[in-house]
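Atom set for the values below is all heavy atoms of this structure, side chains included, hydrogens, waters and symmetry mates excluded. If you're wondering where the values come from, they're calculated on a predicted model, not measured in any experiment.
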Amino acid sequence: MSSAVLDRAGLDQLVELLIADGYRVIGPTVRDGAIVLAELDSGAQLPAGWGVDVAPGRYRLRRRSDAAVFAHSAGPQSWKQFLHPPRRRLFTDDGAGFEPVEDDPGRYAFLGVRGCDLAAIATLGTVLQGTDGFARRRDGLFVVAASCLEPGGVCFCASMGTGPAPGPGYDLSLTERIDDDGHRFLVDVGSEAGAALLDRLAHHPATTAEQDEARGAVAAAAGRMGRQMPVGDLRALLRDNRESPHWDAVAERCLTCGNCTMVCPTCFCTTVEDVTDLTGEHAERAERWASCFELAFSYLHGGSVRVSGASRYRQWMTHKLSTWHDQFGGSGCVGCGRCIAWCPVGIDITAEAAALAAGHD
């Protein structure tokens with residue numbers, strides 16, 4: 001389908017139409033010193049004029065000299081929280097026996113999904129395709145992707161093949177441009193639903209020059225990644241380095257806090273917990289996120305299998321980059337860099353992979 005161009009008012013209109021169509025529009029906004037994902041009431045809540053500076057163990061907002069709304073890299077949250085919630089009630093019992101909890105969050109529209117996160121949604125779909133909760137949330141999802149033109153200091157999506165241009169899976173994709181000709185968005189259509197919505201928006205067909213300029217900006221962004229994974233067979237690298245002493249070197253820094261798994265857009269592990277109130281008249285069972293860094297995660301009768309920090313970090317990284325291929329047919333890492341930025345001691349998964357590749361201890 002041919003490309004089109006929206007102006008800044010057209011983006012606000014897009015949000016309005018999605019809300020009018022009954023979608024819960026989720027997009028980036030500024031809150032608590034970060035760009036977070038939240039339900040939007042209008043396009044005015046987008047983070048206009050905000051960028052971010054990120055590095056291992058560091059994330060800071062900064063003011064921009066323009067009013068760009070998508071000129072920031074990944075924040076602390078991913079879209080996973082809406083499709084695979086951190087906590088989900090399964091059953092409740094108020095004295096009449098356990099009853100299943102109806103789970104109907106409504107229809108979501110995601111606005112501003114980057115290539116790495118679009119790939120993560122697809123990865124979660126492969127992992128959780130048989131689970132009713134994920135399928136119900138993903139059903140009817142409308143995705144407005146956004147090309148990443150200013151990758152952050154911890155981004156490495158280009159080396160993982162997931163960005164900076166959004167891959168398949170979007171309904172509409174936006175490439176933001178600001179120059180002497182104004183503030184506008186090149187729109188690519190990825191579905192019939194996307195085409196139908198675009199027809200209701202004020203827009204004009206994109207010229208060849210507009211398309212070439214926008215595509216060139218995305219291509220240039222691929223060369224400005226802050227990180228990259230080492231070239232080679234990561235699957236074999238992790239498999240062959242199971243007994244490497246480098247895991248002990250990582251463990252000397254790792255706090256086993258689990259931050260990396262909480263911010264990761266593809267980590268999917270859960271556990272089940274049962275709770276009651278103080279009166280004993282109400283009980284419920286819930287599913288919540290778990291982490292392979294928790295000591296109890298690998299508990300079997302008699303104790304935990306992975307007791308050391310080295311074994312737990314090795315499990316996480318080896319699963320993400322190696323054994324995920326065996327289970328799900330591809331890598332579990334999309335190169336968003338969140339695990340690097342939000343590690344309190346700045347452990348860098350790309351640096352650890354490079355160290356293993358170089359044979360460093």
Side-chain angles (χ1 to χ4, degrees), residues 37 74 76-91 101 103 105 116-117 119-138 160 162 234-235 238-239 242 247 250-251 254-275 284-344 347 349 352-353:
L37 301 175
Q77 300 167 315
S78 72
W79 308 91
K80 177 179 73 174
Q81 65 181 305
F82 302 101
L83 300 174
H84 182 49
R87 189 177 189 275
R88 181 169 68 96
R89 292 195 307 160
L90 303 175
F91 300 95
V101 175
D103 181 22
C116 58
D117 280 328
I121 292 172
T123 298
L124 280 180
T126 300
V127 174
L128 302 175
Q129 59 184 333
T131 61
D132 183 57
F134 180 86
R136 191 160 48 246
R137 286 174 169 79
R138 195 179 184 187
M160 301 306 295
T162 61
L234 294 177
R235 183 182 183 183
L238 274 294
R239 180 197 63 211
R242 178 176 175 80
W247 301 117
V250 180
C254 180
L255 305 178
T256 65
C257 65
N259 264 19
C260 50
T261 58
M262 296 297 103
V263 298
C264 177
T266 63
C267 278
F268 61 89
C269 291
T270 59
T271 189
V272 173
E273 58 184 11
D274 296 322
V275 297
E284 66 180 42
R285 171 166 290 181
E287 175 189 84
R288 66 165 177 82
W289 288 354
S291 171
C292 51
F293 283 91
E294 298 173 7
L295 188 59
F297 183 81
S298 66
Y299 183 87
L300 298 175
H301 180 68
S304 295
V305 174
R306 289 183 288 274
V307 178
S308 69
S311 65
R312 281 177 269 168
Y313 187 87
R314 180 183 63 192
Q315 159 65 22
W316 174 73
M317 186 171 170
T318 301
H319 185 215
K320 188 69 61 180
L321 299 178
S322 182
T323 55
W324 201 297
H325 287 269
D326 300 321
Q327 286 183 285
F328 308 116
S331 175
C333 178
V334 296
C336 69
R338 289 183 176 94
C339 61
I340 305 172
W342 297 95
C343 173
I347 294 175
I349 188 174
E352 305 312 329

>> Counting C-beta onward and ignoring hydrogens, is there a side-chain heavy-atom pair between Cys267 and Lys320 closer than 4.5 Å?
In response: yes
>> Can a donor-acceptor pair be found, under 3.5 Å and without considering hydrogens, that links the side chain of Trp289 to the backbone of Pro85?
In response: yes
> CZ of Arg242: more than 12 outside heavy atoms within 6.0 angstrom?
Replying inline: no
> Can you tell me how far SG of Cys260 sits from CD1 of Ile340, rounded to the nearest 0.5 angstrom?
Replying inline: 11.0 Å
>> Would the distance check show the side chain of Thr126 and the main-chain N or O of Ala122 forming a donor-acceptor pair, the cut-off being under 3.5 Å?
In response: yes
> Stepwise, does the salt bridge (Lys or Arg N to Asp or Glu O under 4.0 Å) test hold for Glu273 with Arg88?
Replying inline: CA-CA 10 Å; Glu273 58 184 11; Arg88 181 169 68 96; over 6 Å; no
> How far apart are the closest heavy atoms of Thr256 and Gly309, and which atoms are they?
Replying inline: CG2-CA, 3.8 Å
> Given side chains that start at C-beta, do those of Leu300 and Val305 come closer than 4.5 Å, heavy atoms only?
Replying inline: yes
> How long is the span from the CG atom in Leu128 to the OG1 atom in Thr270, to the nearest 0.5 Å?
Replying inline: 8.5 Å
> Are side-chain heavy atoms of Ser331 and Met160 found at a separation under 4.5 Å?
Replying inline: yes
>> Using the ring-ring contact (aromatic ring centres under 6.0 Å, His included) criterion, which residues pair with Trp79? Sequence neighbours excluded.
In response: Phe110
> Is the side chain of Arg312 donor-acceptor paired with the backbone N or O of Phe293 at a distance under 3.5 Å, no angle test?
Replying inline: yes
>> So, taking the atom named OG in Ser291 and the one named CE in Met262, what distance separates them when rounded to the nearest 0.5 Å?
In response: 5.0 Å
>> For the aromatic rings, using the six-membered ring if either is Trp, is the centroid distance between Trp316 and Phe297 under 6.0 Å?
In response: no
>> Using a 3.5 Å distance criterion without hydrogens, assess whether the side chain of Thr131 forms a donor-acceptor pair with backbone atoms of Gly133.
In response: no
> For Arg314, what residues pass the salt bridge (charged side-chain N to carboxylate O under 4.0 Å, His left out) criterion, not counting sequence neighbours?
Replying inline: none
> Of all residues at least two apart in sequence or in a different chain, which pass the side-chain contact (heavy atoms from CB on, under 4.5 Å) check with Pro344?
Replying inline: Leu255, Cys257, Asn259
> Of all residues at least two apart in sequence or in a different chain, which pass the side-chain contact (heavy atoms from CB on, under 4.5 Å) check with Arg239?
Replying inline: Ala236, Ser322
>> One pair to check against side-chain contact (heavy atoms from CB on, under 4.5 Å): Leu83 and Ile121. What are the steps and the verdict?
In response: CA-CA 8 Å; Leu83 300 174; Ile121 292 172; 3.9 Å; yes
>> Taking side-chain contact (heavy atoms from CB on, under 4.5 Å) as the definition, give me every residue that meets it alongside Val263, ordered by chain and number, with sequence neighbours left out.
In response: Arg338, Trp342
>> In terms of relative ring orientation, are Phe328 and Phe268 parallel, tilted or perpendicular, with 30° and 60° separating the classes?
In response: perpendicular
> Which pair of heavy atoms, one from Ile349 and one from Cys339, lies closest together, and at what distance?
Replying inline: CG2-SG, 3.9 Å
> Excluding sequence neighbours, so at least two apart, what forms salt bridge (charged side-chain N to carboxylate O under 4.0 Å, His left out) with Arg138?
Replying inline: none
>> Please give me the minimum heavy-atom distance between Cys292 and Gln315, naming the atom from each residue.
In response: CB-CG, 4.1 Å
>> For Val307, is there any backbone N or O sitting under 3.5 Å from a side-chain donor or acceptor partner on Ser304?
In response: no
> Between atom CE of Met317 and atom CG of Leu238, what is the distance when rounded to the nearest 0.5 Å?
Replying inline: 5.0 Å
> Any idea which heavy atoms bring Ser78 and Cys264 closest together, and the distance?
Replying inline: OG-O, 4.2 Å
>> Please determine whether the number of non-hydrogen atoms from other residues, nucleotides or ligands lying under 6.0 Å from atom CZ of Arg285 exceeds 12.
In response: no
> Would the Phe134 and Phe82 ring centres measure less than 6.0 Å apart?
Replying inline: no
>> Taking Thr266's backbone N and O only, do any of them form a donor-acceptor pair with Lys80's side chain (distance below 3.5 Å, no angle check)?
In response: no
> Taking the side chain as C-beta and beyond, is there a heavy-atom pair between Ile347 and Glu352 under 4.5 Å?
Replying inline: yes
> Is a side-chain donor or acceptor of Ser298 paired with a backbone partner of Arg306 at a separation under 3.5 angstrom?
Replying inline: yes
> Side chain of Thr261, backbone of Gly258: donor and acceptor closer than 3.5 Å?
Replying inline: yes
>> Return the SG to CG distance between Cys333 and Leu234, rounded to the nearest 0.5 Å.
In response: 9.0 Å
